[in-house]
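Note sheet for the following structure.
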Amino acid sequence: MRASELFMPTLKEDPADAEAVSHKLLVRGGFIRQFAAGIYMFLPLGWRVMERINDIIREEMNAIGAQELSMPTLHPAEVWKATGRYDAIGSEMFRLKDRNARDMVLAMTHEEAFAWLASRELRSYRELPQIWYQIQIKFRDEPRAKGGILRVREFLMKDSYSFDMDAEGLDVSYEMHARAYDRIFKRCGLTFYRVESDPGMMGGATAHEYMAPTPAGEDKVALCAGCGYAANVELAVSVAQAPEPYEEGTIPSDVVEVPTPECRTIDEVSQFLGVPPSSLIKSLLMMADGNKPVLALVRGDHELHEAKLVRHLKSDTRPAHPDEVIDALGVEVGFVGPVNLSDDIRVIADDSLRPGGVGGERPYVTGANKAHTHLCGVIVGRDFSPEFADLREARSGDTCLRCGAALSVEQVLEIGNIFKLGTKYSKPLKATVLDESGTERPIVMGSYGIGPARISAAAVEQHYDEKGIVWPKSIAPFDVHIVQIKSEDEVQTKVAQSLHNLLAQEGFTCLWDDRPERPGVKFKDAELIGCPVRLTVGKKAGERVVEVEARAGGERLEVPLERVVAKVSRLWEEAP
RNA sequence: CGGGACGUGGCGCAGCCUGGUAGCGCAUCUGCUUUGGGAGCAGAGGGUCGGAGGUUCAAAUCCUCUCGUCCCGACCA
């Protein structure tokens, strides 16, 4: 492809509204353009990358027997009402009415549509199992789009759905997907983890997320190098480090009220009293469903992970407003504590505070439920008796519950997920088949998603340098970038043209920069766009010599024309 | 939904505080020169300053409202 015929609007400067590396580089490189908040256009280069990713996805999905089809994105609301999600999902779903005032939605995902189709067309166990997939637009009215194409409101997704007779069948479909996903992300050149993920409020089902480590990610995962345990911090279990020792005499072993004027935060109390944060108990008043106050306790140096509390309570929660704290406890935020509370406030403490836990039975400092006052010498189990649960967010330095090795916590971007649905959608939509005995049984489903645009963004986040993108070779927009120094030089044109054709015959896609630009402009663009191999056709073209160089680094070599194909092939093999 | 910031030629920005003829760099167009790392010189075109209302003799500038975009937090089926 000639660059002079390619719509490739590159920019010298970073766009003003970009923060993430992938956002800046993809806009500058002419891959994407923003249309509205969280809505992007894919330009020719960007679309080529997407198509290469989609091709890899298709190959691997087809390899496990999945069948591609295409579903509508505009749905009648009825199916969503049937599964209860029309009401359960809030403003994240785009809703509209057609001309006859019929409720419609833009699909956020396609469980309903696939289950609906299955309910109409699948009759017998003989037709199972099935795996159907599509690569289709999804709409989610994110409260806050961000990071370029990292978090958007309209996006392409490969979603597949498996249909099995029973849980054993689902296990097989699930495993096939897991292996296919491993291959897809590996082929796309990503570093990634498969981690246990929160199956949501439905319980029972299992789910995994595929996560690409990058600081631009929005999730955190806990990883064990010892045994391979890997889980989203939303549910990662771990053993906290023991609390720091406190200085003898700073905390009594019996409960004592101490004045702590204006000391509301852990840091302030810790400094004022001269005790380490890990000797404090952080008391957080949360409101559960029905506005029932719940006091959640974690050690002063720990953070509450709200999703864990939600799972434990089986109820949504939110932090209490300051006036609700006063209503419930009679004291302002900052001096709240678990001792001598009325029975109608449920108190839940993190496992690390168990008397038999990492800290042992030891005195802590807590709020006194009295203004500008804390209690010292509070012993869990003696002075108050909470229920216990895993509430705190796992962090680096914790030890693995399984093997005792140190856990690390990393920032990651979710690039895919796999989920055992069971009969959550097949039952309400009556997707049933007859089994061998003639009994009607709901189909057991799984759903499996991949975000191709997130793969591309993650690839950029993981592979770039100060000059631009360094695409993994499997998903680069072109394999070889031919830079012709002088576009009007006939010898160079002939050489470039013949190299382009020769490499094309060998199966390489080439971008031939024949534009009447100065050399510097072309080099900068080539580096920005990041194709794996660069050829430079310049002043030695007349001597039948060109330069070959890998984008990822290494030497720039002068190569005679007849050896170019071999050299390019070798660099290609070596490219990441 | 809470907090913060920003909207000025295609892109990146200054001007606003202290009201008085709309500016800079890049890009674009023309000509000449240049041609291995985002060229030089000369010239040209292009903006009712996000929108509405208000104050004023006069508003990019001050006030009110509104829309859009970004960042932090909350949310994320």
Side-chain angles (χ1 to χ4, degrees), chain A residues 9-20 23-24 27-28 30 33-40 80 83-93 105 107-112 138-148 150-153 155 157 159 197-203 205 207 209 216-219 232 234 286-287 303-304 306-307 310 316-319 321-322 413-414 417 419 421 424-425 447 449 451 467-468 483-489 492 513 515-528 534-541 545-547 549 556 558:
Chain A
T10 55
L11 302 174
K12 270 192 206 177
E13 292 175 276
D14 285 337
D17 51 10
E19 195 79 8
H23 187 187
K24 291 177 184 170
V27 171
R28 280 189 55 204
R33 284 294 184 268
Q34 188 180 49
F35 192 43
I39 305 178
Y40 279 82
W80 290 79
T83 59
R85 294 168 107 187
Y86 189 79
D87 296 316
I89 298 173
S91 48
E92 200 175 332
M93 181 152 66
V105 310
M108 306 174 61
T109 171
H110 280 78
E111 280 81 10
E112 278 81 359
K138 304 283 184 272
F139 297 91
R140 292 184 192 174
D141 197 359
E142 288 285 345
R144 192 177 145 219
K146 64 184 287 194
L150 291 177
R151 182 179 170 110
V152 289
R153 300 194 295 165
F155 59 100
M157 185 177 191
D159 49 326
S197 72
D198 186 355
M201 298 238 300
M202 300 310 292
E209 288 165 328
E218 300 192 278
D219 284 294
N232 193 310
E234 285 174 10
M286 308 293 289
M287 303 302 273
E303 295 299 327
L304 171 72
E306 211 176 318
V310 167
D316 267 339
T317 65
R318 61 172 174 81
H321 302 304
L413 175 69
E414 182 182 354
N417 56 51
F419 199 110
L421 296 173
K424 182 179 171 188
Y425 298 93
S447 80
K467 295 172 183 169
V483 174
Q484 180 181 345
I485 297 295
K486 274 190 173 181
S487 60
E488 70 280 11
D489 182 311
Q492 289 184 17
D513 196 344
R515 295 174 302 171
E517 294 286 349
R518 298 174 62 82
V521 173
K522 300 189 191 190
F523 289 139
K524 292 290 184 196
D525 276 348
E527 283 151 355
L528 179 60
R534 185 174 99 195
L535 292 184
T536 306
V537 179
K539 50 185 173 246
K540 292 199 177 167
V545 169
V546 299
E547 289 165 15
E549 177 180 6
R556 183 180 304 168
E558 294 196 340

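Side chains included, hydrogens not; waters and symmetry mates left out as well; all remaining heavy atoms used. A, B, ... follow the sequence lines: proteins, then strands. Residue 1 opens every chain.
Residues A:Thr317 and A:Glu306 have side chains that bring a donor and an acceptor to within less than 3.5 angstrom of each other. No donor-acceptor contact under 3.5 angstrom links the side chains of A:Lys146 and A:His23, judged on distance only.
Side-chain atoms of A:Arg534 come within donor-acceptor range of the base of B:G37, with a qualifying N/O pair under 3.5 Å.
Taking atom P on both nucleotides, B:C67 is separated from B:G23 by 33 Å, rounded to a whole Å. Across B:C49 and B:C72, the matching C1' atoms stand 29 Å from one another, rounded to whole Å. When the P atom is used for both B:G53 and B:A58, the distance is 15 Å, rounded to whole Å. Of the C1' atoms belonging to B:G19 and B:G73, the separation is 38 Å, rounded to the nearest Å. Nucleotides B:G4 and B:G36 have their C1' atoms positioned 47 Å apart, rounded to a whole Å. On the C1' atoms, B:G31 is 23 Å away from B:G25, given to the nearest whole Å. One P atom belongs to B:C17, the other to B:C71, and the distance between them is 30 Å to the nearest Å. When the C1' atom is used for both B:U55 and B:C13, the distance is 30 Å, rounded to whole Å.
Counting heavy atoms from C-beta on, the side chains of A:Arg318 and A:Met286 never come closer than 4.5 Å. Using a 4.5 Å cut-off on side-chain heavy atoms (C-beta onward), A:Tyr425 and A:Arg85 make contact.
Among the protein residues, A:Glu547 comes within range of the nucleic acid bases, having at least one heavy atom under 4.0 Å from a base atom. Contacts of A:Lys524 with the nucleic acid, taken as non-hydrogen atoms under 4.0 Å apart, include base atoms. Looking at heavy-atom distances under 4.0 Å, A:Glu13 makes contact with a base. Across all strands, A:Arg28 comes closer than 4.0 Å to base atoms (heavy-atom distances).
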*asked:* Using a 4.0 Å heavy-atom cut-off to protein, can you give one letter per nucleotide of nucleotides 68-74 of chain B, 5' to 3': B if the base is in contact, S if only the sugar-phosphate is, - if neither?
replied: -SSSBBB
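In this structure, CD1 of A:Ile89 is placed 12 Å from P of B:C76, rounded to the nearest angstrom. Distance A:Glu234 CD to B:A77 P: 7 Å, rounded to the nearest Å. Whole-Å rounding puts the A:Glu218 CD to B:C75 P distance at 12 Å. Remark: P of B:U28 and CG of A:Leu11 are 12 Å apart, rounded to the nearest angstrom. The nearest whole Å value for the distance from the CZ atom in A:Arg318 to the P atom in B:C76 is 14 Å. Distance A:Met93 CE to B:A77 P: 14 Å, rounded to the nearest Å. A:Asp513 places its CG atom 14 Å from the C1' atom of B:U35, with the value rounded to the nearest Å. Per the geometry, CD belonging to A:Glu92 stands 8 Å off C1' belonging to B:A77, to the nearest Å.
When distances run from any side-chain atom of A:Phe523 to the nucleotides B:G37, B:A77, B:G38, the shortest one goes to B:G37. In this structure, of B:G37, B:U35, B:A77, it is B:G37 that holds the atom nearest to the side chain of A:Arg556. Of the candidate nucleotides B:A77, B:G38, B:G36, B:A77 has the atom nearest to the side chain of A:Thr109. Counting only heavy atoms from C-beta on, A:Lys12 has its side chain closest to B:C26 among B:C26, B:U35, B:A77.
Salt bridge absent: A:Lys424 and A:Glu111 never bring a charged side-chain N and a carboxylate O closer than 4.0 Å. A salt bridge is defined here as a Lys NZ or Arg NE, NH1 or NH2 lying under 4.0 Å from an Asp or Glu carboxylate O, and A:Glu527 with A:Arg534 meets this definition.
Of all heavy-atom pairs between A:Ala20 and A:Leu150, the closest is CB-CD1, 4.0 Å. Of all heavy-atom pairs between A:Glu209 and A:Asn232, the closest is OE1-ND2, 2.8 Å. Nearest heavy atoms, A:Gln492 versus A:Val537: OE1-O, 3.4 Å. Of all heavy-atom pairs spanning A:Pro516 and A:Ser487, the tightest one is CA-OG, 3.3 Å.
Using a 4.0 Å cut-off, some side-chain N or O of A:Arg518 falls inside it from OP1 or OP2 of B:A39.
Using Watson-Crick or G-U wobble geometry with both donor-acceptor distances under 3.5 Å, B:G38 finds no partner in any strand shown. Taking a pair to require two hydrogen-bonding distances under 3.5 Å in either a Watson-Crick or a G-U wobble arrangement, B:G73 pairs with B:C1. B:G19 is unpaired under the criterion used here, namely a Watson-Crick or G-U wobble arrangement in which both key atom distances are under 3.5 Å. Pairing of B:U28, defined by two Watson-Crick or G-U wobble distances under 3.5 Å, is identified with B:A44. As the counterpart of B:U61, no nucleotide is assigned, since no Watson-Crick or G-U wobble pattern has both distances under 3.5 Å. For B:C6, the paired nucleotide is B:G68, the pair qualifying as Watson-Crick or G-U wobble because both relevant distances are below 3.5 Å.
Along RNA chain B, the nucleotide closest to A:Glu142 and the one closest to A:Glu488 are compared, and the more 5′ of them pairs with A:Glu488. Mapping A:Lys522 and A:Asp219 onto RNA chain B via the closest heavy atom, the residue that lands nearer the 5' end is A:Lys522.
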